[in-house]
Amino acid sequence: MNETYLDELNEIQRQAVTATDGPLMIVAGAGSGKTRVLTYRIAHLIRLGVDPFNILALTFTNKAAREMKERIGRIVSKGEARNIWMGTFHSVFARILRAEAEKLGYPSNFTIYDTEDSKSLLKTILKEQGLDEKVYKPAMVLSRISAAKNNLISAQAYLQNNTVIEEDRMSGKPKMGIIYEQYSKRCFKAGAMDFDDLLFNTNILLRDYPEVLNKYQDKFRYIMVDEYQDTNFSQYVIVKQLAAKFQNICVVGDDAQSIYAFRGANIQNILSFERDYPDLKTVKLEQNYRSTQHIVKAANAVIKNNREQLEKNVWTANADGDKIGLMKAATDNEEGQLVARHIFEIKMQHQLHNSDFAILYRTNAQSRSMEEALRRLNIPYRIYGGTSFYQRKEVKDMLAYYRMCINPHDEEALKRIINYPTRGIGDTTLDKITIAARDNDVSLFTVCENIAEFGLQVNSGTVQKIQDFVAMIKSFGVMLEVQNAYDLGHHIASHSGLLRELYSDKTPEGVSRYENVQELLNGLKEFSDGENAPPIDLVEQNDPELQRIELEQQAELQDDINAGPLRTLDQFMQDIALLTDADTKAPDADTNKVSLMTIHAAKGLEFGYVYIVGMEENLFPSALSVNSRADLEEERRLFYVAITRAEKRCMLTYASTRYRWGNLTTCEPSRFIEEIDTDYMEYANSAARSEFGGGGVPASPLFQRRAAQQGAATPQVNVSSGPAPKKNLVKVASTVNTPTAPLDNSHLKSLAVGMTVQHDRFGRGKVVELEGAFPNTKATVHFDGSGQKQLLLKFAKLEIVG
DNA sequence: GTGTAATGCTATTGG
DNA sequence: AGCATTACAC
């Protein structure tokens, strides 16, 4: 065992590592060695004699868990490290739920629905309820349901909650509760849980089964939660429950890096934590080891614009380094070229690897122009995020067969494959099956099994086809326990006809789809052949259920010895839905590539050289965030996260035009650029220099423009805010720079025919006609003075007067 | 029921 | 621009 690990820590880090018992909160500034503290803390616990089986560590990604385990293994031993329960909330509690599923009326091999499955189910329900998909947008409905679950509001409670009923009525969606209820019912009937159910049902389990709670409290004597700022209420309650007995709970987080409020993450959890544990010990890690002076200072300058934050002083002893670089491009494509060329030059100049570079953006759609430019310069890159391997259509189709053979009641899987490849069971038949299933409160598969009993009105040919399908699925099902994952997986691929279907498509896309399924089969092969259980240190464990999952957990982590128990398809499928792109291992061994990802995906990572692209208003900060302080502050934290990913150098870029929705839009530099002190900024191309730099010029065009906008919105500001911008200057600036920028005209959403409006130039008028969806609505207005005009609502300077 | 052509909608962020 | 749903011919 490596005994020197404590010497590698600074005084405060050491405190965090050695304060093993009782509640502890570690406020960890960006780059302050948080991961090191966590790993050493766990290693230290083990060294002090704590059984790894009694340690639970919850991380934000599975990849983080894997890496941490590896590092712990190097300090203690590999065998001990693998016994720690470590993973994301979702994967850890999915495992526990599988062990305890029967208590909740679920099968232990329940399916995990991903977002696509959830939305597809919602669409079915909307259709059944005769509701308009335009009003009840599936994504929106799902996020509403998700928010309810994350706040531990069941469908029943939802239907009786006056607050939400009122909210839904006000937003014109009174049926939301019914949809939620139906959705829950259908998931249950299909033996399926969605992502939020994994946490929600864990809460139900711990709430309603004291003996289960007790068991896991005793098991998890030491609990650690990483990225605590990004946990939601549901997760908070789980942790609180589990830690209630021993109170050995350590949370690590940084409020400045909370970027998942949109998903229900709640900064309150940190504050509640202080309230829940009066004898809480708090440790603040403030020394940054990652980045240069300039990067740390720039990041601090940005984050201090947020009103809500814990007091913290992040500093570094590192060298000044380069300043934050700013580059302006004319178009999004040129932005890509600018970045690619910059990477190329820096790489040559300093003899660096491609993997030293990362390009970070706000939205996935921005990757395209970057990819093109990198490809042109032959710079290898890898995109993280986006659709993961397991979400590709052809892979999901294959997985749907696997899912059905494990859990035939899986409704979404059935809908995908009952007619793919085509076998003459079309929409009409499927509709009939769906209706019968709903009316009799059974699963779709049950109806298919007993067509006559449910009185399905279909012709005999169709009956035969359905029976063949059922027989096929059943024939796969019986092989589950006797065949390994690959053999069965391959058998299904060929006997379902899916492999043949894909093979017959010789288009390049078709070939690639075929290859992806082959790749999936390769994965199965590796899983099946792989690495089986070394002799397991048998632990004292009274609960056979618990022991079984312990064994399974070990089986999953085997890397050493061959031969052993059969590795089956249902084991492989267990938490496929929980794997993200980052967890999917790179298909090729070559890891020397530039990384491209969203800023969200970059959380917890670090790179020598970071490019933050698309620094534009309405993109970053996102257009949807600029109207609320809380949302804007989250965007700013996101920017803070982005900057602090960089070790050596951070470059910002923006474009003045960009294609969005297929048409060209004019862009304005992000307000965040101005929040960085000019002392830490360097204008790295002439376009940026002329817009921002200009040495002694007091007010950049950008500043004038913004001041003008603020002045217009809040006239009283003009009085106290120094030299008021000159009217004529303002006008020139705004017409030159933003000739066609859409206005925020959300107040015109409610505009209706017959209303009276007031226009800047045309005066008073009456709305004659409205055409198209907001904000692209075209309005025909008859003005008292100047006659009939057509106006686009997103550009029109209109006010409603009556 | 199946296959193709035209239409329409969309793009925060993710386990 | 790219994808999913819909409309329509077979």
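Throughout, a chain's letter reflects where its sequence line sits, starting with A, and its residues are numbered from 1. These values consider heavy atoms only, across backbone and side chains, with no hydrogens, waters or symmetry-generated copies.
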Of all the nucleotides listed ([options]), which has the minimum atom distance to the side chain of [X]?
X	options	answer
Lys393(A)	dA4(C), dT13(B), dA11(B)	dA4(C)
Arg362(A)	dT13(B), dA11(B), dG15(B)	dT13(B)
Asn364(A)	dG14(B), dG1(B), dG15(B)	dG14(B)
Tyr260(A)	dG15(B), dA4(C), dG14(B)	dG14(B)
Phe262(A)	dG1(B), dG14(B), dG15(B)	dG14(B)
Thr428(A)	dA11(B), dG1(B), dT12(B)	dG1(B)
Ala601(A)	dG14(B), dT12(B), dT10(B)	dG14(B)
Phe195(A)	dG14(B), dG15(B), dG1(B)	dG15(B)
Lys134(A)	dC9(B), dG1(B), dA4(C)	dC9(B)
Thr598(A)	dT2(B), dT13(B), dT5(C)	dT13(B)

Check your understanding: Once the angle between the rings of Phe60(A) and Tyr260(A) is folded into 0 to 90°, is it parallel (under 30°), tilted (30 to 60°) or perpendicular (over 60°)?
Key -> tilted
Point to revise | Geometric class of the Phe89(A)/Phe93(A) ring pair [parallel <30°, tilted 30-60°, perpendicular >60°] | key: tilted
Review point. Taking atom CD of Glu334(A) and atom OG1 of Thr653(A), what is their separation to the nearest 0.5 Å?
Key: 10.5 Å
Exercise for review: Decide if the gap between the ring center of Tyr361(A) and the ring center of His600(A) is smaller than 6.0 angstrom.
Suggested key: no
Tell me: [atom1] of [X] to [atom2] of [N], nearest whole Å?
X	N	atom1	atom2	answer
Arg368(A)	dA1(C)	CZ	P	10 Å
Leu619(A)	dT13(B)	CG	P	10 Å
Lys127(A)	dT5(C)	NZ	P	11 Å
Lys123(A)	dA4(C)	NZ	P	9 Å
Asp427(A)	dG3(B)	CG	P	12 Å
Arg637(A)	dT13(B)	CZ	C1'	13 Å
Arg660(A)	dA11(B)	CZ	P	13 Å
Glu617(A)	dT12(B)	CD	C1'	15 Å

Practice item. Find which nucleotide of DNA chain B each of Trp661(A) and Ala577(A) is nearest to by heavy atoms, and output the residue with the more 5' nucleotide. Key: Trp661(A)
Exercise for review: Between Ser622(A) and Gly426(A), just flag the one whose closest nucleotide in DNA chain B comes earlier from the 5' side.
Suggested key: Gly426(A)
Review point. Given the P atoms of dT6(C) and dA11(B), what is the spacing between them in whole Å?
Key: 16 Å
**Study point:** Donor-acceptor pair under 3.5 Å, Asp196(A) side chain vs dG15(B) base
**Key:** yes
Point to revise | Sugar-phosphate, base or nothing in reach of Asp114(A), heavy atoms under 4.0 Å | key: nothing
Exercise for review: Could you tell me whether Lys119(A) contacts a base, only the sugar-phosphate backbone, or nothing, with contacts defined as non-hydrogen atoms closer than 4.0 Å?
Suggested key: nothing
Revision key, fill the gap. With Lys149(A) as partner, the option from Asn232(A), Asp197(A), Asp196(A) fulfilling side-chain hydrogen bond (donor to acceptor under 3.5 Å, both in side chains) is Asp197(A)
Exercise for review: Find out whether Asn201(A) and Tyr106(A) are in side-chain contact, i.e. whether some heavy atom of one side chain is under 4.5 Å from a heavy atom of the other.
Suggested key: yes
Check your understanding: Would you say a side-chain N or O of Asn618(A) is under 4.0 Å from OP1 or OP2 of dT12(B)?
Key -> no
